[in-house]
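See below for the structure under consideration.
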Amino acid sequence: MTPLPHIPRPDDGEADLEALATLDANGLFMAPRESEKDYLKRLHQFAERMHDFNNKLETGDGYLLDDLKLRPKLSVTDELMEVCANRTEEHYAFRAEWVPAFYINPKFSWLFGGCAYYSMPDMFTVVILRKSFRNRRKWLFYDRREILSHEMCHAARMATGSRVFEERLAYRVSDSGFRKRFGGLLHSPFDTLAILGSTFLLLGVQMLKTFIAPGVPILPFWMLVIGVAAFMLGRDRHCHRALTRAIGNLENVTEHPATVAFRCSDAEIEQISRFENAEELRGWIQNACEHDRRWQVIAHRFIS
């Protein structure tokens, strides 16, 4: 885990654009419509939280995260953090090696590979990986490098408040073509509940029909499962096409189209996907730069 970069003081006037670009390169993105002053205040609060975390981790009895006790001996090595940061830098031009990561199993971890704990509004993040990954790179269909780099993407993009394209962008760092394409199928825990709920409801009604009440109609429950699946797949197709079009449009104005898209909100990606030509997009970006410090940073780093 590397230290955070220098964060300018929010009361010292407008920060140097290069300093803000350095923060961006470390995965500390500015939020849409967030003023520079509020952004720097948030980062200083975040830095204080990180300082407190490190003190408790190293000088006390560990850091209690829900019911998990984190200790230095459980930390992911700097070598693995560097490998994962190299992957995110290659795809999206940022390195978030400051993200704390540990090998520890939560309760009910039979199929658990890894996940991240997030705290708002300071956007503090901790990643945990299955203990098995301490001595092996892969377990079942999980790869520790992919999980950690995936969660680094979420840690960086947390400020965007994205839901529609969040998983889709994070899964682009995967080595699996299937996960790259369909990893963004689900947008929220509600989507998971909808799929599992409709499926288990169908199973329950089928058992009821088989063993207790043969007259119970089964077709409506089949239609519910098919309807949920059709909605998910239709939405996935729309989102995939929108992100593909947005990146394609950005290719006309930058050599780093996916990197720029990664820093966009859901609404911005949808907007960029609808432009008919490069001139419209350039005008939109120019207008955004005039009103949004975040876009000045993006343009400074990636758009000549």
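- The CG atom of Leu70 sits 5.5 Å away from atom CG of Leu65, with the distance rounded to the nearest 0.5 Å.
- Every side-chain contact (heavy atoms from CB on, under 4.5 Å) that Asp52 has, sequence neighbours left out, goes to Lys56.
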Under the side chain to side chain contact (heavy atoms under 4.5 Å, CB included) rule, what do Phe133 and Leu80 come out as? Steps first, then yes or no, please. CA-CA 11 Å; Phe133 284 130; Leu80 178 57; over 6 Å; no
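- At distances below 3.5 Å, not a single donor-acceptor pair connects side-chain atoms of Arg95 with backbone N or O atoms of Glu89.
- Summarising the geometry, atom NE2 belonging to His51 is positioned 14.0 Å from atom CZ belonging to Phe46; distances are rounded to the nearest 0.5 Å.
- Thr88 places a side-chain N or O within 3.5 Å of a backbone atom of Phe94 that can act as its donor or acceptor partner.
- Under the 3.5 Å distance criterion, with hydrogens and angles disregarded, a donor-acceptor pair is assigned to the side chains of Glu151 and Tyr118.
- Counted within 6.0 Å of CD on Glu290, heavy atoms from surrounding residues, nucleotides or ligands total more than 12; the atom is thus considered enclosed.
- Within the structure, the salt bridge (charged side-chain N to carboxylate O under 4.0 Å, His left out) test picks out the following pairs touching residues 188-204 (sequence neighbours left out): Asp191-Arg235.
- Residue Leu57 is not grouped with residue Leu64 when hydrophobic side chains (ILVMFWY) are merged at heavy-atom distances under 4.5 angstrom, including chains of intermediate members.
- No side-chain heavy atom of Val83 sits less than 4.5 Å from a side-chain heavy atom of Glu79.
- Cys153 places a side-chain heavy atom less than 4.5 Å from the side chain of Phe262.
- For Lys37, the side-chain contact (heavy atoms from CB on, under 4.5 Å) partners at least two apart in sequence or on another chain are Pro10, Asp11, Ser35, Lys41.
- The shortest side-chain heavy-atom distance between Thr125 and His154 does not fall under the 4.5 Å cut-off.
- Follow the hydrophobic side-chain contacts under 4.5 Å out from Leu233 and you never reach Leu193; the two are in separate clusters.
- In this structure, the side chains of Val127 and Pro100 stay at 4.5 Å or more apart for every pair of heavy atoms.
- At a threshold of 4.5 Å between non-hydrogen side-chain atoms, the residues Arg282 and Asn277 do not count as touching.
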Please report the C-alpha distance between Gln296 and Arg293 in whole Å, then the side-chain angles of each, then the deciding distance to 0.1 Å, and finally whether the side chain to side chain donor-acceptor pair (under 3.5 Å) criterion is met. CA-CA 5 Å; Gln296 292 177 20; Arg293 187 66 162 162; 2.6 Å; yes
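- Applying the side-chain hydrogen bond (donor to acceptor under 3.5 Å, both in side chains) test to Arg274 and every residue at least two apart in sequence or in another chain returns nothing.
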Mind running side chain to side chain contact (heavy atoms under 4.5 Å, CB included) on Arg134 and Val76 for me, showing each step along the way? CA-CA 8 Å; Arg134 180 186 288 273; Val76 172; over 6 Å; no
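- If you chain together ILVMFWY residues whose side-chain heavy atoms come under 4.5 Å of each other, Phe275 ends up grouped with Leu250, Val253, Val260, Ile272, Leu281, Trp284, Ile285, Trp295, Ile298, Phe302, Ile303.
- Checking Arg144 against Ser132 by side-chain atom types alone, no donor-acceptor pair falls below 3.5 Å.
- No salt bridge links Glu34 with Arg294; every basic N to acidic carboxylate O contact stays at or beyond 4.0 Å.
- Classification of the Trp139-Tyr142 ring pair by plane angle, with boundaries at 30° and 60°, yields parallel.
- With salt bridges taken as basic N to acidic carboxylate O contacts below 4.0 Å, none links Arg87 and Glu90.
- Atom OH in Tyr117 sits 12.5 Å away from atom CZ in Phe102 (nearest 0.5 Å).
- If you take OG on Ser265 and CD on Glu166, they are separated by 11.5 Å, rounding to the nearest 0.5 Å.
- With hydrophobic clusters built from ILVMFWY side chains whose heavy atoms lie under 4.5 angstrom apart, Leu111 shares a cluster with Leu129.
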All N/O donor-acceptor pairs, side-chain side in residues 199-219, below 3.5 Å, sequence neighbours left out:
residue, atom, partner, partner atom, Å
Thr199, OG1, Ile195, O, 2.8
Gln206, NE2, Thr210, OG1, 3.4
Lys209, NZ, Pro214, O, 2.8
Lys209, NZ, Val216, O, 3.2
Thr210, OG1, Gln206, O, 2.8

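- Within 6.0 Å of the CD atom in Glu58, the count of heavy atoms belonging to other residues, nucleotides or ligands exceeds 12.
- In this structure, Phe182 CZ and Arg168 CZ are separated by 9.0 Å, a value rounded to the nearest 0.5 Å.
- Judged by distance alone, the side chain of Tyr92 and the main-chain N or O of Leu169 form a donor-acceptor pair under 3.5 Å.
- Distance check: Ile147 CD1 to His150 NE2 gives 9.0 Å after rounding to the nearest 0.5 Å.
- Both Leu17 and Phe29 are assigned to one and the same hydrophobic cluster, defined by single-linkage of ILVMFWY side chains at heavy-atom distances under 4.5 Å.
- Counting only distance, with no hydrogens or angles, the side chain of Glu146 and the backbone of Asp143 share no donor-acceptor pair below 3.5 Å.
- Judged as a ring pair (Phe, Tyr, Trp, His ring centres under 6.0 Å), the pairs with a partner in residues 54-73 (not counting sequence neighbours) are, in order, Phe53-Tyr63.
- Sorted by first and then second residue, the side-chain hydrogen bond (donor to acceptor under 3.5 Å, both in side chains) pairs involving residues 239-255 (not counting sequence neighbours) form an empty list.
- With His291 contributing its side chain and Asn287 its backbone, the two residues share a donor-acceptor pair below 3.5 Å.
- Within the structure, every pair that satisfies the side-chain hydrogen bond (donor to acceptor under 3.5 Å, both in side chains) test and touches residues 13-33, not counting sequence neighbours, is listed here: Glu18-His300, Asp24-Arg263, Asp24-Arg301.
- Remark: Phe112 pairs with Pro106, Ser109, Cys115, Ile128, Arg130 by the side-chain contact (heavy atoms from CB on, under 4.5 Å) rule, at least two apart or across chains.
- Within a 6.0 Å radius of NZ in Lys180, other residues, nucleotides and ligands contribute more than 12 heavy atoms.
- A single hydrophobic cluster is not seen to contain both Leu243 and Leu186; linkage of ILVMFWY side chains at heavy-atom distances under 4.5 Å, directly or through other members, places them apart.
- Checked against salt bridge (Lys or Arg N to Asp or Glu O under 4.0 Å), Arg181 has the following partners two or more places apart in sequence or in another chain: Asp236.
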Where do Asp78 and Glu82 land on the side chain to side chain contact (heavy atoms under 4.5 Å, CB included) test, with the steps shown first? CA-CA 6 Å; Asp78 290 341; Glu82 182 180 7; over 6 Å; no
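- Here Pro8 pairs with His6, Ala15, Ala19, Leu23, Leu40 under the side-chain contact (heavy atoms from CB on, under 4.5 Å) rule; sequence neighbours left out.
- A distance-only check finds no donor-acceptor pair linking the side chain of Ser119 to the backbone of Met123 [under 3.5 Å].
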Test salt bridge (Lys or Arg N to Asp or Glu O under 4.0 Å) applied to Arg163 and Asp266, step by step: CA-CA 7 Å; Arg163 291 184 60 186; Asp266 290 339; over 6 Å; no
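- Using modelled atom types and a 3.5 Å distance limit, the side chains of Glu167 and His187 yield no donor-acceptor pair.
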